[in-house]
Protein chains: 2
Amino acid sequence: MPRPRQPRLTRQLIVETATAVIDAEGLPAFSTRRLAAELGVRGPSLYNHFATKDEILDAVADTVTGAVDTSGFASRDWAAALRDWAWSYRRALTAHPNIVPYLAQGPGRRPAGLAMADAVYGGLVRAGWPPARATHIGAALRYFVAGSALGSFARGFVEDPELYAAHYPHLRQAHRLAEHQQSVDEGAFALGLDALLHGLAAEYDRTVGPLDPVESARPSG
Amino acid sequence: MPRPRQPRLTRQLIVETATAVIDAEGLPAFSTRRLAAELGVRGPSLYNHFATKDEILDAVADTVTGAVDTSGFASRDWAAALRDWAWSYRRALTAHPNIVPYLAQGPGRRPAGLAMADAVYGGLVRAGWPPARATHIGAALRYFVAGSALGSFARGFVEDPELYAAHYPHLRQAHRLAEHQQSVDEGAFALGLDALLHGLAAEYDRTVGPLDPVESARPSG
DNA sequence: CCCTTAAACTAGCGGTGTAAGTTTTGCCGC
DNA sequence: GCGGCAAAACTTACACCGCTAGTTTAAGGG
């Protein structure tokens with residue numbers, strides 16, 4: 001089959017379909033031939049639109065990251081902005097958990113990931129955090145969000161009561177974690193995020209706040 | 001070549017060599033044939049000792065997890081134990097960063113991972129945390145540690161000054177992150193862990209401490 | 001000493017990413 | 001209108017992947 005009258009593939013269609021395949025069947029099941037089949041096409045045709053498989057994965061990852069909202073850094077105080085951002089980030093990743101192991105390796109050259117890092121870092125510096133501190137805070141929050149989306153804590157435990165009863169006395173109820181997966185994971189995230197922000201606020205008051213307490217509430221800078 | 005006078009493979013040797021290959025060349029480069037070549041053997045011979053490739057990876061992951069020290073939960077107060085554990089956990093993972101994406105998906109049936117979860121959860125409950133809270137805290141710390149080991153924040157940025165200068169005004173210095181990778185990642189981890197523990201201590205004082213403030217310092221329960 | 005089992009082998013299946021070359025179509029300049 | 005070029009699909013092929021099946025030989029127990 002030669003060139004069709006109307007192109008059957010576009011970058012956008014490929015990315016959308018790739019996302020659907022990864023969401024439905026996981027990263028290991030995602031192959032160029034599998035994706036092409038889903039698009040009614042043969043594997044190599046994809047290479048008319050992307051140079052490598054990784055380039056497709058990068059596009060998927062960037063689309064996912066693009067859904068993260070960092071607008072709080074322009075309008076709210078740093079702590080509220082961090083909280084909003086972290087939740088938005090988590091929602092974006094948990095909506096497509098199977099791509100997270102790929103995405104979490106770093107922003108690389110993906111524009112959405114870099115724009116996000118830029119917004120967070122800029123917002124923290126504007127609020128008065130020293131640049132090195134701002135880097136650390138952005139990284140720490142990223143660790144937490146990526147870790148929470150990567151391995152759903154609850155899903156990671158096997159549903160086999162006997163396994164725990166035999167050897168792990170404190171984990172007798174662990175086989176029930178899967179039932180409450182979402183509430184366990186979200187509860188852990190909420191608790192951890194609150195604790196993190198609480199600790200950061202204390203640090204801020206101790207080191208930054210006294211110098212110019214008003215600055216942190218002003219959006220522009 | 002038939003059965004040799006002295007077996008050339010043992011489970012331990014396979015796991016050690018697999019760890020070395022993964023450390024040196026990354027997860028994608030790790031194949032059964034590659035591993036077998038390193039052992040002076042043909043790929044399928046491995047299947048005399050392990051049923052699947054994943055079983056080898058599980059063994060590697062479990063060995064890494066086995067290096068984590070949870071002894072603090074038996075001798076120190078909960079906050080100090082958490083801190084010691086988190087650092088030990090981080091050291092174990094960053095010593096073998098390439099296996100982290102596999103390992104972080106959950107403990108599954110791996111004994112070392114389950115023993116670790118058991119020790120942490122048991123220690124927190126013994127300190128007076130309500131069971132649901134103990135689960136959340138263990139999960140939150142795991143998120144943070146796994147995230148920090150997974151995507152080294154600093155290494156994730158490309159060393160290309162022009163990329164940042166052109167489009168991401170606040171990241172002008174980002175290309176230099178790689179130079180200071182270790183200090184950036186460790187600084188971010190230290191800051192985040194301190195903030196987390198600070199916030200948890202406040203929560204503890206608010207909800208658990210008043211009931212039986214002495215209990216938390218006693219190791220036995 | 002035989003016989004079972006262990007531990008290596010070879011051969012091969014179906015799958016992978018991707019390079020190379022082919023074919024047909026759409027479109028642009030003459 | 002038409003020649004020619006680029007685009008977008010195709011087929012073929014290569015080297016590698018995890019893993020199965022069956023074979024060979026040595027080790028070790030009855």
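Residue numbers begin at 1 in each chain, while the letters A, B, ... track the order of the sequences.
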Can you give one letter per nucleotide of nucleotides 12-20 of chain C, 5' to 3': B if a protein heavy atom sits under 4.0 Å from the base, S if only from the sugar-phosphate, - if neither?
-> B---BBBB-

With a 4.0 Å cut-off, would you call B:D194 and B:R83 a salt bridge?
->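 Answer for the salt bridge query: yes.
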
Output yes when a side-chain donor or acceptor of [X] lies under 3.5 Å from a complementary backbone atom of [Y], and no otherwise.
{"X": "A:D62", "Y": "A:A112", "value": "yes"}
{"X": "B:S45", "Y": "B:V41", "value": "no"}
{"X": "A:R11", "Y": "A:A59", "value": "no"}

Find the distance [X]:[atom1] to [N]:[atom2] and express it as a whole number of Å.
{"X": "A:N48", "N": "C:dT24", "atom1": "CG", "atom2": "P", "result": "17 Å"}
{"X": "B:L46", "N": "C:dA8", "atom1": "CG", "atom2": "C1'", "result": "11 Å"}
{"X": "A:L39", "N": "D:dA8", "atom1": "CG", "atom2": "P", "result": "15 Å"}
{"X": "B:L13", "N": "C:dA8", "atom1": "CG", "atom2": "P", "result": "10 Å"}
{"X": "B:I56", "N": "D:dG18", "atom1": "CD1", "atom2": "P", "result": "9 Å"}
{"X": "B:F50", "N": "C:dA7", "atom1": "CZ", "atom2": "C1'", "result": "15 Å"}

What nucleotide among C:dA8, D:dA8, D:dC10 has an atom nearest to a side-chain atom of A:H49?
->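 That would be D:dA8.
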
Could you give all pairs that pass the side chain to side chain donor-acceptor pair (under 3.5 Å) test and reach residues 166-175 of chain A, with sequence neighbours left out?
->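 Residue pairs with at least one partner in residues 166-175 of chain A: A:H170-B:D118, A:Q173-A:R176.
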
Aromatic A:Y89 / basic A:R142 pairing, under 6.0 angstrom, 45° off normal |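 No, cation not above the ring by the 6.0 Å, 45° rule.
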
Would you tell me if any nitrogen or oxygen in the side chain of A:R42 comes within less than 4.0 Å of OP1 or OP2 on D:dT11?
->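 Yes.
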
